[in-house]
Amino acid sequence: MNDRTRVPMPTPMERGAAIRRIVDRGLAPARPAWRTLPLSTLVFGVEDCLFLAVVLGLSPAVLVRAPAEIFAEHLAAVIFITSPLLYATAYALTMWKEALSGTMDWKRTCRLPLQTLMALRMLLFGGAAVLVCVPVNLLLWWASGGALPLVRVLGVSFSSLFLYAALSLACRRLRWGPAVPMALWSLLGLYFMQTRAALPLDRIPTAIFFLLAGGGLLLCTGQLHAMLHSTNKGGFTYAFR
């Protein structure tokens, strides 16, 4: 081979630069699969559960037609108990329906982690609760003639919702996980709706409610972050197109 037909070889610096470019492209962070999950897939098969949850979340609004003195005295207790109503109903109904129909089993055989699907659904349920239950609480506050300061109503509402969500996430691995927070909130409702029992709730400073809301939100964020970034060691996955 003479000098005219010799193929020019890259220099060591050029080879190193080419290798770095190939490695950088090969190791580029892939977009998480859950970010492309459509809403239709997320609620597939449980649309009726979400509809019933929204209806129940709106149900406290019927108190608007009642005389204000009937519920104004217990306004804080009503708000505290009803704020997680949509979230609790949606979570419990979807888990119950999928366990009953057996769809939870085949979702464990596909490629998106089941923990990720649950996290996305809980985010959806939490967002729906904020959009539905909080406005309903504000409507009750208006109908009561401003029985409590508005900032206190918001504190009670957010603290109840985020604490319930954090508790439901903490209990999700239990056999009767969805029933634990529901039973606790039902007992609290029976306790707070008594005339004398409502007084301790009324004596809690508004700042404490916001601290509880912030703590519950931090707990939810941490648990949901871990679920969304699950390594799927158990092979529980969920396919989608």
Side-chain angles (χ1 to χ4, degrees), residues 34 37-66 71 74-75 77-108 112 114-141 143 156-190 192-193 216 220 223-224 227 238 240:
W34 56 265
L37 183 67
L39 181 62
S40 59
T41 301
L42 187 60
V43 299
F44 177 75
V46 296
E47 298 90 343
D48 52 346
C49 299
L50 189 56
F51 174 76
L52 289 175
V54 172
V55 172
L56 288 177
L58 292 170
S59 61
V62 300
L63 291 175
V64 174
R65 301 180 61 87
F71 65 92
H74 301 283
L75 183 60
V78 170
I79 290 175
F80 188 87
I81 297 302
T82 60
S83 290
L85 191 57
L86 187 152
Y87 181 94
T89 305
Y91 176 53
L93 286 179
T94 53
M95 295 296 291
W96 173 77
K97 181 177 181 179
E98 293 192 327
L100 188 66
S101 61
T103 56
M104 188 65 70
D105 294 330
W106 65 260
K107 286 178 181 178
R108 301 176 190 271
L112 186 67
L114 181 61
Q115 293 291 333
T116 301
L117 173 66
M118 293 178 62
L120 292 173
R121 279 188 174 176
M122 289 182 175
L123 283 172
L124 174 64
F125 298 159
V130 171
L131 293 176
V132 174
C133 294
V134 174
V136 168
N137 291 335
L138 294 178
L139 182 63
L140 294 178
W141 168 80
V156 173
S157 182
F158 285 125
S159 64
S160 175
L161 176 58
F162 294 143
L163 287 175
Y164 189 98
L167 181 60
S168 63
L169 284 168
C171 297
R172 71 182 187 277
R173 297 185 183 276
L174 300 178
R175 180 176 177 84
W176 299 100
V180 173
M182 293 183 69
L184 178 59
W185 245 249
S186 299
L187 292 175
L188 286 175
L190 295 175
F192 286 147
M193 291 310 294
C220 289
Q223 294 184 74
L224 290 174
M227 293 171 68
Y238 182 78
F240 63 93

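Values below: all heavy atoms of this structure, side chains included; hydrogens, waters and symmetry mates excluded.
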Leu167: side-chain contact (heavy atoms from CB on, under 4.5 Å) partners, not counting sequence neighbours = Cys171, Pro181, Leu184, Trp185
Inter- and intrachain pairs under salt bridge (Lys or Arg N to Asp or Glu O under 4.0 Å), touching residues 40-63, at least two apart = Asp48-Lys97
task = Check Val132 against Pro135 and note the closest heavy-atom contact, atom names and distance.
result = O-CD, 3.3 Å
ask   = Is the shortest heavy-atom distance from the side chain of Val54 to the side chain of Leu86 under 4.5 Å?
value = yes
message = How long is the straight-line distance from CG of Leu50 back to CG of Leu93, given to the nearest 0.5 Å?
response = 10.0 Å
query = Who are the side-chain contact (heavy atoms from CB on, under 4.5 Å) partners of Leu224, not counting sequence neighbours?
reply = Ala119, Met122, Leu123, Leu169, Met227
request  = Please examine the side chains of Leu161 and Cys133, heavy atoms only from C-beta on, and report whether any two atoms are closer than 4.5 Å.
outcome  = no
task = For residues 77-88, pull every pair meeting side-chain hydrogen bond (donor to acceptor under 3.5 Å, both in side chains), keeping only residues two or more places apart or in separate chains.
result = Ser83-Asn137, Ser83-Ser157, Tyr87-Ser168
message = Tell me every residue that passes ring-ring contact (aromatic ring centres under 6.0 Å, His included) with Phe162, counting only those two or more places apart in sequence or in another chain.
response = Phe158
inquiry  = Restricting to side-chain contact (heavy atoms from CB on, under 4.5 Å), what partner residues turn up for Ala61, sequence neighbours left out?
reply    = Val136, Leu139
query = Is the side chain of Ser160 donor-acceptor paired with the backbone N or O of Phe80 at a distance under 3.5 Å, no angle test?
reply = yes
query = Looking at Ala92 and Met182, what are the two nearest heavy atoms and their distance?
reply = CB-SD, 3.6 Å
